[in-house]
Each structure stands twice: as C-alpha cells, then as structure tokens.
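The structure displayed is predicted, hence computed values, not measured ones. All values below were derived from every heavy atom in this structure, side-chain atoms included, with hydrogens, water molecules and symmetry-related copies excluded.
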Amino acid sequence: MPSSGVSAFTYNSSNNTLRITFVSGMMYDYKNVPEEVYQAMKVSGAKRTYLNKHIKGRYTFEKLKE
C-alpha cells in the first residue's frame, strides 16, 4: 500500500490555492486557503498531521489526479 505522506505542496497567492501532492501521486487543490495557513504548514514538522488538523474539512478541494 502506498504511503499517504505529503511529498510536495505549493501555494498560488493569486487565487489562494494550496496544491498538495502525496507520495502515492494523488494531487489535490484546496481553494481559498489563507497564506498564513500555507506558511504555517511550511514550518510544521508533520505535514500530513497539519493537513488533517488545519486544512481537510475546512476548505473546499478539487482532486486533480490519482
């Protein structure tokens, strides 16, 4: 089973979109995420934990690929 860890993430400040790429290759865009949330994720030690506590369920998302 592939890892569910976050392998990369980027932020587009022009439309406040946080793109998360997982080790498995799955990719999601989270919409209307404040830049402060992105900055806090950058410095967090556990990206997946931060994602689960502060992003999932709070922001709408679009699944881009599996």
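- Checking side-chain atoms of Thr21 against main-chain N and O of Ser7 turns up no donor-acceptor pair under 3.5 Å.
- Looking at residues two or more places apart in sequence or on another chain, you find a side chain to side chain donor-acceptor pair (under 3.5 Å) between Tyr11 and Asn16.
- Atom OG1 of residue Thr17 and atom CG of residue Asn32 lie 7.0 Å apart, to the nearest 0.5 angstrom.
- In terms of heavy-atom proximity, Lys47 sits nearest to Met41 at NZ-O, 3.2 Å.
- Residues passing the side chain to side chain donor-acceptor pair (under 3.5 Å) test with Asn12 are Ser14, sequence neighbours excluded.
- Applying the salt bridge (Lys or Arg N to Asp or Glu O under 4.0 Å) test to every pair with at least one member in residues 7-29, sequence neighbours left out, gives these pairs: Arg19-Asp29.
- Residue pairs that meet the salt bridge (Lys or Arg N to Asp or Glu O under 4.0 Å) test with at least one member in residues 35-44, sequence neighbours left out, do not exist here.
- Under the ring-ring contact (aromatic ring centres under 6.0 Å, His included) criterion, Tyr59 pairs with no residue at all, not counting sequence neighbours.
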For residues 49-57, run the donor-acceptor check on the side chains, cut-off 3.5 Å, and write out each pair with its distance to 0.1 Å, sequence neighbours left out.
from  : atom 1 : to    : atom 2 : distance (Å)
Tyr50 : OH     : Val37 : O      : 3.3
Asn52 : ND2    : Arg48 : O      : 3.4

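- Rounded to the nearest 0.5 angstrom, Tyr28 OH and Leu18 CG are separated by 13.5 Å.
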